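Structure record follows, encoded as structure tokens.
Because the structure is a prediction, the values reported are computed rather than measured.
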Amino acid sequence: MASNAQTLPAARPNPATGSILALDLGTSMGWALRLGNETHSGTVSFRPSRYDGGGMRYVRFRHWLDQLAVTTGLPEAVYFEEVRRHAATDAAHIYGGFLACLTAWCEERGLAYQGVPVGTIKRHVTSKGNADKQAVIEAVRARGFTPADDNEADAIALLLWAIETKGGVL
């Protein structure tokens, strides 16, 4: 059922309808993609090298989204973890940059997208809106997935929320 791939799924000539993309936005970005009855997930790093300019993480993110569209087709719906508070200013700025790139990418392609509050996602998978990272990982594992880290677990939890409460449709 679950794929713990660190790269995008293999190209498909006819992408499944009803595909859903869920993202835990950040430098170590968790992603989960529902294609038909298959779920693929992983974590991708957008950490800049010491020689990169400040915008390179966002250039790489847009390229990653474009590769997703080429290999699997455009998703019908995109969900992202909506973070209202960050512990550090840099984290808030980085999140805002990823959010701007994602929403612009979706708008350019006419894709539906929605942010989902962190507490809503946690409450859905753990029954506790303020669950810690380990509780989310354990709840996702109990559902048959094998997340490599909390970022991937968050994306899977968001995907489960979208499927189970929205039917994946916005």
Practice item. Go through the steps to decide whether Trp161 and Thr120 satisfy the test side-chain contact (heavy atoms from CB on, under 4.5 Å), and finish with yes or no. Key: CA-CA 9 Å; Trp161 177 89; Thr120 300; 3.5 Å; yes
Exercise for review: Give the intermediate values and the outcome of side-chain contact (heavy atoms from CB on, under 4.5 Å) for residues Lys166 and Tyr79.
Suggested key: CA-CA 11 Å; Lys166 297 282 204 176; Tyr79 293 89; 3.8 Å; yes
Practice item. I would like to know whether Leu35 and His40 meet side-chain contact (heavy atoms from CB on, under 4.5 Å); could you show each step before the answer? Key: CA-CA 8 Å; Leu35 293 170; His40 303 271; 4.0 Å; yes
Practice item. Starting from the C-alpha separation in whole Å, work towards a yes-or-no answer on salt bridge (Lys or Arg N to Asp or Glu O under 4.0 Å) for Glu164 and Arg143. Key: CA-CA 13 Å; Glu164 295 167 6; Arg143 299 276 200 102; 2.6 Å; yes
Exercise for review: Report the C-alpha separation of Val136 and Asp150 in whole Å, then their side-chain angles, then the decisive distance to 0.1 Å, and conclude whether the side-chain contact (heavy atoms from CB on, under 4.5 Å) test is met.
Suggested key: CA-CA 8 Å; Val136 173; Asp150 62 293; over 6 Å; no
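At least one donor-acceptor pair under 3.5 Å links the side chain of Lys122 to the backbone N or O of Ala131. Remark: side-chain polar atoms of Arg47 are not paired, donor with acceptor, to backbone N or O of Ser49 under 3.5 angstrom. For Glu107 (side chain) and Thr103 (main-chain N/O), no donor-acceptor pair under 3.5 Å exists by modelled atom type.
A salt bridge is defined here as a Lys NZ or Arg NE, NH1 or NH2 lying under 4.0 Å from an Asp or Glu carboxylate O, and Glu108 with Arg62 meets this definition.
Residue pairs meeting the salt bridge (charged side-chain N to carboxylate O under 4.0 Å, His left out) criterion with at least one partner in residues 64-75, sequence neighbours excluded, are Asp66-Arg109.
To the nearest 0.5 Å, the span separating CG on Asn151 from OG on Ser41 amounts to 12.0 Å. Atom NZ of Lys133 and atom CG of Asp154 lie 6.5 Å apart (nearest 0.5 Å). Interatomic distance, Met29 CE to Thr43 OG1, rounded to the nearest 0.5 Å: 10.5 Å. Once rounded to the nearest 0.5 Å, the distance linking CG of Leu33 with OG1 of Thr71 reads 8.0 Å. Residue His63 holds its NE2 atom at 11.5 Å from CG of Leu68, rounded to the nearest 0.5 Å. Separation of atoms CZ (Phe145) and CD1 (Ile156) is listed at 6.0 Å; rounding is to 0.5 Å.
Ring orientation note: the planes of Phe80 and Tyr113 are tilted relative to one another, at an angle of 30° to 60°.
Among all heavy-atom pairs drawn from His124 and Leu160, the shortest one is NE2-O, 3.8 Å. For Leu158 against Leu23, the heavy-atom pair with the smallest separation is CD2-O, 3.7 Å. Contact between Pro147 and Arg141 at its shortest, heavy atoms only, is O-NH2, 3.5 Å. Nearest heavy atom pair, residue Ser19 against residue Leu74, reads OG-O, 3.6 Å. Looking at every heavy atom in both residues, Ala139 comes nearest to Val125 through CB-O, 3.3 Å. Smallest separation of non-hydrogen atoms from Asp149 and Glu152: OD1-N, 2.9 Å.
No chain of hydrophobic side-chain contacts below 4.5 Å, direct or via other Ile, Leu, Val, Met, Phe, Trp or Tyr residues, connects Ile137 to Val118. In the hydrophobic clustering of ILVMFWY residues, with side-chain heavy atoms under 4.5 Å counting as a link, Ile121 and Ile20 come out together.
Looking only at side-chain heavy atoms (C-beta outward), Trp31 and Asp24 stay at 4.5 Å or farther from each other. Residues Phe46 and Trp64 meet the side-chain proximity criterion, which asks for heavy atoms closer than 4.5 Å.
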If you look only at distance, which donor and acceptor atoms sit under 3.5 Å apart when one is on a side chain in residues 88-101 and the other is two or more places apart or in another chain?
from: Tyr95; atom 1: OH; to: Glu81; atom 2: O; distance (Å): 2.9
from: Tyr95; atom 1: OH; to: Val83; atom 2: N; distance (Å): 3.2

